[in-house]
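Note that ligands are numbered from 1 as they come in the structure, with each ligand's atoms numbered from 1 the same way.
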Amino acid sequence: MNVNDTEVIFSILADAGYARTEEMDQADLVMANTCSIRDNAEQRIWGRLEVFNQLRKKNPALLVGIVGCMAERLKDKLLDTHKVDLVAGPDAYRSLPRMLEAIGPDSPQIDVLLSREETYADITPVRTDKNGISAFISIMRGCNNVCSYCVVPYTRGAERSRDAHSIVREACDVYQRGYKEVTLLGQNVDSYLWKSGTETVDFAGLLERVAEIAPDLRVRFATSHPKDISDEVIFTMAAHPNICKHIHLPVQSGSSRMLEKMRRKYDRAWYLERVAKIRSVMPECGLTTDVIAGFCSETLEDHTDTLSLMEEVGFDWAFMFAYSERPGTLAQRNYPDDVPSAEKNRRLNEIITLQNRKSLERYRAQIGKTLEVLVEGPSKRNPEQLCGRASNNMMCVFPALDRKAGSYVCVKVVDATSATLICE
Ligand code: SAH
Ligand code: SF4
């Protein structure tokens, strides 16, 4: 999501006459696009600011800006203690050229107002991907859920769905420029809903419209919410071969008590039913997840519920985190962060060990299968090999022969690690 926001910023700045440099010490302006989701994401930015300040010693005219969620959350500290020249929240990017013009020696610029409407629908992002094959398209901004641990609703504001026609136009445009895959992005894509006059488009409808652009344009999406993913979305995926068979379905915890406290609005049984439905309609569908270890008051029994759910579902892979208390969230205001950090990390390690075993099992289960892969480019480890993803999102490596990036190839899986399928 932040990569896509950066692409929107590049586009706005390019229209205002700015050009991008890959060499930081040649820049007249450096900006960091920031994330507040966990404390360690924020800690990294304080370190970056030190680097920018070193650059400023060499080039006193250098302007330094912080954009994104941290700008929203920590504007005062950024301006007062860290002396940045510009602070712009996620809904303020259109104002960047005006703000940059207005910066003076004692007048830093700040705009962290959140909007109920801004979706940057009419802005064509400047793609920052290197391969020209896979593009991110933002379909909505903000979030209307109030998961008790999460800072997103505070830093990115209320949920807004983007004009469906502008999404389809952007997908057509990237396809015409040679891209072969689009990933539709939102915090909760299943609650996408756009209305105009008599026209109403929900997520299943949007998926269908994008899938119908061209049979060789792959469609992916993230993130799905277990409480909102509908049968209609599942059936729409199944009906279109070019909608990739992969769902990122963050579970967060396997304990219904924790899920209630997290305000996820589903319980363990509901989650397992959604997984069963997905697998009954699309047996080959890849499933990945997010898990939080050591949320407030989590007992060993709750933790064991998470392990047993992961064992039962068998995710292909997962993002796994220790709970990080975020200022201003419901959890921070109402519940003590009472699992000691050593214990959180112990539980997290148990979760990671289990997931590594499951990933290996899931990847090895592909051995012998033939999969269609979209070639992305040379494999990082061995330039004589190519790499690309199968529909289920598993990364495949295979001999290059004369295949080109951006083409589709059928490969046979001959071996597997817990993160890569080795293919012929
Ligand atoms: N909108 C998506 C995910 C958004 S954030 C969803 O609802 O699933 C990405 C992931 O970061 C979350 O799924 C969660 O696992 C993790 N996360 C969010 N807040 C966190 C916190 N305070 N501590 C640890 N992990 C957190
Ligand atoms: Fe955060 Fe929950 Fe919204 Fe995801 S759905 S962004 S976890 S509040």
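- Only the side chain of Phe321 comes within contact range of ligand 1, with a heavy atom under 4.0 Å; no backbone atom does.
- Counting protein heavy atoms only, atom 19 (N) of ligand 1 is closest to Tyr149 CD1, 3.3 Å.
- Under 4.0 Å is where a charged nitrogen must lie from a carboxylate oxygen, and between Glu350 and Arg347 no such pair does.
- Using bins of under 30°, 30° to 60° and over 60° for the plane-to-plane angle, the ring pair Tyr93/Tyr120 lands in the parallel bin.
- With a 4.0 Å heavy-atom cut-off, ligand 1 is reached by the side chain of Arg264 but not by its N, CA, C or O.
- Considering backbone and side-chain atoms together, Ser324 places an N or O closer than 3.5 Å to an N or O of ligand 1.
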Evaluation steps, side-chain contact (heavy atoms from CB on, under 4.5 Å), between Leu86 and Ile110: CA-CA 6 Å; Leu86 174 136; Ile110 170 166; over 6 Å; no
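- Around atom 2 (Fe) of ligand 2, the protein atoms of type N, O or S found under 2.8 Å away are Cys147 SG, listed by chain and number.
- In this structure, Lys358 is not positioned above the aromatic face of Phe315 in the sense of NZ or CZ being under 6.0 Å from the six-membered ring centre and within 45° of the axis.
- Counting only N and O atoms by type, the side chains of His248 and Thr223 include no donor and acceptor under 3.5 Å apart.
- Using a non-hydrogen distance threshold of 4.0 Å, Ile292 registers as a contact of ligand 1.
- Donor-acceptor pairing under 3.5 Å is recorded for the side chains of Asn33 and Thr6.
- Closest approach of Val375 to Phe398, counting heavy atoms only: CG2-CZ, 4.0 Å.
- A salt bridge links Glu42 with Arg73: at least one charged nitrogen is closer than 4.0 Å to a carboxylate oxygen.
- Below 30°, between 30° and 60°, or above 60°: for Trp317 and His246 the angle between ring planes is between 30° and 60°, a tilted geometry.
- Here the shortest heavy-atom pairing between Ala238 and Val281 reads CB-CG1, 3.7 Å.
- Regarding atom 8 (O) of ligand 1, its nearest protein heavy-atom neighbour is Pro250 CG, 3.1 Å.
- Comment: Arg127 engages Glu170 in a salt bridge, judged by a side-chain N to carboxylate O separation of less than 4.0 angstrom.
- Salt-bridge check for Arg268 with Glu312: passed, with a basic side-chain N closer than 4.0 Å to an acidic carboxylate O.
- For ligand 1, none of its N or O atoms has an N or O atom of Ser224 under 3.5 Å away.
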Please determine whether ring-ring contact (aromatic ring centres under 6.0 Å, His included) holds for the pair Phe221 and Phe203, giving the CA-CA distance in whole Å, both sets of side-chain angles, and the decisive distance to 0.1 Å. CA-CA 10 Å; Phe221 55 88; Phe203 184 57; 5.2 Å; yes
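- With distances taken over non-hydrogen atoms, the option nearest atom 1 (N) of ligand 1 out of Met320, Gln187, Arg326, Met1 is Gln187.
- Residue-to-ligand polar distances place Asp290 within reach of ligand 1: an N/O pair is separated by less than 3.5 Å.
- Of all atoms in ligand 1, listed by their number and element, those nearer than 4.0 Å to a heavy atom of Gln252 are 8 (O), 12 (C), 13 (O), 14 (C), 15 (O).
- At the shortest separation from atom 5 (S) of ligand 1 among protein heavy atoms lies Ile37 CD1, 3.4 Å.
- In terms of polar-atom proximity, Tyr323 is not counted as a contact of ligand 1, lacking any N or O under 3.5 Å from an N or O of the ligand.
- Residue Ala322 touches ligand 1 through its backbone alone, judged by heavy-atom distances below 4.0 Å.
- Of the protein's non-hydrogen atoms, Tyr149 OH, 3.4 Å is the one closest to atom 7 (S) of ligand 2.
- Close contacts between ligand 1 and Arg38 involve ligand atoms 11 (O), 16 (C), 17 (N), 23 (N), 24 (C), 25 (N), 26 (C) [criterion: under 4.0 Å to a heavy atom].
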